[in-house]
Amino acid sequence: MTVVTRFAPSPTGFLHIGGARTALFNWLYARGRGGKMLLRIEDTDRERSTQAAIDAILDGLNWLGIEWDGDAVYQFARAARHREVVEQLLAAGNAYPCYASPEELAQMREAARAQGRAKLYDGRWRDRDPREAPPGVKPAIRLKAPLTGETVIEDQVQGRVIWQNENLDDLVLLRSDGTPTYMLAVVVDDHDMAITHIIRGDDHLTNAARQKQIYDALGWPVPMMAHIPLIHGPDGSKLSKRHGALGVDAYRAMGYLPVALRNYLVRLGWSHGDQEIFSTEEMIAAFDLPQIGRSPARFDFAKLESLNAHYIRQTPDADLLAAVDRFLLYLPDGAALAAKLTPHVRAQWLQSMPSLKERAKTLIDLIDGAHFLLADRPIPLDDKAAALLTPDAKGVLIDISTELAKVEPWTPEATEHAVRAFAERKGAKLGAVAQPLRAALTGRTTSPGIFEVLTVLGKAESLARVADQAGSQSAR
RNA sequence: GCUCCCUUCGUCUAGCGGUCUAGGACGCGGCCCUCUCAAGGCUGAAACACGGGUUCGAUUCCCGUAGGGAGCGCCA
């Protein structure tokens, strides 16, 4: 049997991090078994579904590199089929019209709660003659669910989960306006799409019982189910916007690489021994349902960052620069930065990429680290750099610049030799010379190795930058 | 309130009755390296929620308690 999984988001917002993980799990499971992952847009809520949300979800999946097979199925378009199935159920006596008013329903709910009963709807129209229907009232159609016995789900993650049927009331299949409910639509669509494995959030576990009853009434086989625990915020509470329930586009904008996010997500609630780093192929080969944990995981930015730093270091320099190019599209001041990326600057960036990427946890960090390549002379000093350039330090700059002016050819070895020799002659530590130089050259107190910076900048630019800062002393 | 699920270091997790003086990763502390910051190497602190069983033996199995979570709509 070919494995067919599905990802079924409702387009009422962006693709959030939990949804992304669900999609990833479905994708990995199908890919690892030569199966397919289908995409279904659950857009039956006409009020809240938007095209913008659909676009955001597809965009998010694409960015993460999660591909679905075939065309996306739109649930709303299948309403006629859903109604047809209800007719079947009605004809077989497995469903019935219910004429209870919203007021009655509210009363039943209140009563049930007051009496501590699980069942909300009391089944008052279950066996009543429809001829007693109040005039002019359109009925909803309810499932005639079993009154006794139990409903059992053999969940691949949660194990065997059992509900007593006496606690489950007759759910609505068709609203009084004739539109299908989610519970019905999901079952019919999963069946028609030949889904073999339903992998979805834990929040659907109780729905699984109701859906099982629909499958049973229809005589359809129930797909394998796997309800994966939800992702929580760092404090253990439900993931909120404040935590990380952001759209995946927000992670993109924060400078995370899709490979890193995928690796982080796959290890959230799933493990494969002690392995932390997975290539896509490794993930696909290793992923399976029994290794999914049953308790909710907390979202931890620090770990995501460390994974991101790892993947940034792993990425070839040219690819990383290409990633920056794409990333600029999602940065507020990206256009201005893009304009600065002349062929000359790109070459410089590429040259210092090996040490720049070692210092970056995100693409934002990477761009920030390249600041000394992007800034115009006289380059602005940050507070620490400004504080470091004391009158004494500026004196050092004047002296070292005459030494550097003599260096030829301008190589890392030659500049290092000159600077070290100078420091030695002055009886100073290397740092006493390197730090003022760094401040003058980069405007910061941290940067790649100073001799590398000198090399990448070139002799003329380096001397000019040193002069910019040293000169401000003579003006004093 | 009702139904269902969950519980190993701060966090993600390994562990599927003895190999656990409980392993790895992130984070945190220290040391080394060092022109800064990183990276890297070495190293340290840090957990089986609690109480009963079952068993020769429980982190591992069962039952309670406590604490989390999800669902409870003619929303999805």
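All chains are named by letter (A, B, ...) in the order of the sequence lines, taking the proteins before the strands, and each is independently numbered beginning at 1. No hydrogens, no waters, no symmetry mates; every other heavy atom, side chains included, goes into these values.
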Margin query: Counting only side-chain heavy atoms from C-beta out, which of G69(B), C4(B), A76(B) sits nearest to Asn207(A)?
Written below: A76(B)
Checklist line | Validation row, ring centre Phe278(A) to ring centre Trp270(A) under 6.0 Å | finding: yes
Checklist line | C50(B) versus C9(B) - spacing of their P atoms, nearest Å | finding: 10 Å
Item checked: Minimum-distance nucleotide to Arg48(A) side chain [options: G69(B), A76(B), U3(B)] -> A76(B)
Next item on the list: State which of G69(B), A14(B), A38(B) makes the closest approach to the side chain of Arg359(A).
Entry: A38(B)
Checklist line | Which nucleotide in G23(B), A70(B), C35(B) has an atom nearest any side-chain atom of Leu230(A) | finding: A70(B)
Notebook entry, point to check: Between C26(B), C35(B), U13(B), which nucleotide gets closest to the side-chain atoms of Ser271(A)?
Noted result: U13(B)
Notebook entry, point to check: Looking for any heavy atom pair under 4.0 Å, which part of the strands does Ser10(A) touch: base, sugar-phosphate only, or nothing?
Noted result: sugar-phosphate
Notebook entry, point to check: Thinking salt bridges, do Asp177(A) and Lys138(A) make one under a 4.0 Å N-O criterion?
Noted result: no
Note to self: Using a heavy-atom cut-off of 4.0 Å across all strands, would you classify Thr445(A) as base, sugar-phosphate, or nothing?
What the structure shows: base
Notebook entry, point to check: Among C35(B), U3(B), A14(B), which nucleotide sits nearest the side chain of Asp274(A)?
Noted result: A14(B)
Checklist line | Of Asp300(A) and Pro9(A), the one whose closest RNA chain B nucleotide lies more 5' | finding: Asp300(A)
Check: The side chain of Arg109(A) lies closest to which of these nucleotides: C35(B), G73(B), U36(B)?
Finding: G73(B)
Next item on the list: Provide the distance between the two P atoms, one in A45(B) and one in G29(B), to the nearest whole Å.
Entry: 16 Å
Margin query: Measure CD1/Ile41(A) against P/A76(B) and give the value in whole Å, please.
Written below: 15 Å
Note to self: Can you work out whether Val161(A) or Glu358(A) has the more 5'-proximal nearest nucleotide on RNA chain B?
What the structure shows: Val161(A)
Checklist line | Atom C1', compared across A38(B) and C32(B): separation rounded to whole Å | finding: 16 Å
Check: What distance, rounded to whole Å, do you find between the two P atoms, one in C33(B) and one in U21(B)?
Finding: 37 Å
Margin query: Under 3.5 Å for both donor-acceptor distances, Watson-Crick or wobble: does U54(B) have a partner, and if so which one?
Written below: none
Notebook entry, point to check: Using a distance-only test with no angle check, is there a side-chain donor-acceptor pair under 3.5 angstrom linking Asp155(A) and His227(A)?
Noted result: yes
Notebook entry, point to check: Which part of the nucleic acid, if any, lies within reach of Ile450(A) when heavy atoms closer than 4.0 Å are counted: base, sugar-phosphate only, or nothing?
Noted result: base
Check: If every non-hydrogen atom of Gly19(A) is compared with every non-hydrogen atom of Leu15(A), which pair is closest and at what distance?
Finding: C-CD1, 3.9 Å
Next item on the list: Any strand is fair game: report the nucleotide pairing with U65(B) by Watson-Crick or G-U wobble, both distances under 3.5 Å, or none.
Entry: A49(B)
Next item on the list: May I ask you to say what Ala297(A) touches in the nucleic acid, namely base, sugar-phosphate or nothing, with a heavy-atom cut-off under 4.0 Å?
Entry: sugar-phosphate
Note to self: Check the orientation of Phe299(A) and Phe301(A). Use parallel for under 30°, tilted for 30 to 60°, and perpendicular for over 60°.
What the structure shows: perpendicular
Notebook entry, point to check: Which nucleotide sits closest to the side chain of Arg298(A): A76(B), C12(B), C74(B)?
Noted result: C12(B)
Note to self: Of the listed nucleotides (A76(B), G24(B), U36(B)), which one gets closest to any side-chain atom of Thr44(A)?
What the structure shows: A76(B)
Checklist line | CG-CZ distance between Asp170(A) and Arg126(A), expressed to the nearest 0.5 angstrom | finding: 4.5 Å
Next item on the list: Have a look at Ser176(A) and say if it touches a base, only the backbone sugar-phosphate, or nothing, with a 4.0 Å heavy-atom cut-off.
Entry: base
Note to self: Heavy atoms from C-beta onward define the side chain here; which of G1(B), U36(B), U3(B) lies closest to that of Thr446(A)?
What the structure shows: U36(B)
Margin query: So for Thr206(A) and C72(B), does any side-chain atom that can act as donor or acceptor lie under 3.5 Å from a complementary atom in the base?
Written below: no
Next item on the list: Heavy atoms only: give me the nearest Thr315(A)-Lys357(A) pair and the separation to one decimal.
Entry: O-NZ, 2.8 Å
Item checked: Side-chain N or O of Arg313(A) closer than 4.0 Å to phosphate OP1/OP2 of G40(B) -> yes
Check: Is Arg438(A) side chain donor-acceptor paired with the C35(B) base, going by distance under 3.5 Å alone?
Finding: yes
Notebook entry, point to check: Which part of the nucleic acid does Arg113(A) contact within heavy-atom distance under 4.0 Å: base, sugar-phosphate only, or nothing?
Noted result: base
Check: NA contact type, Gly431(A), heavy-atom cut-off 4.0 Å: base, sugar-phosphate, or nothing?
Finding: sugar-phosphate
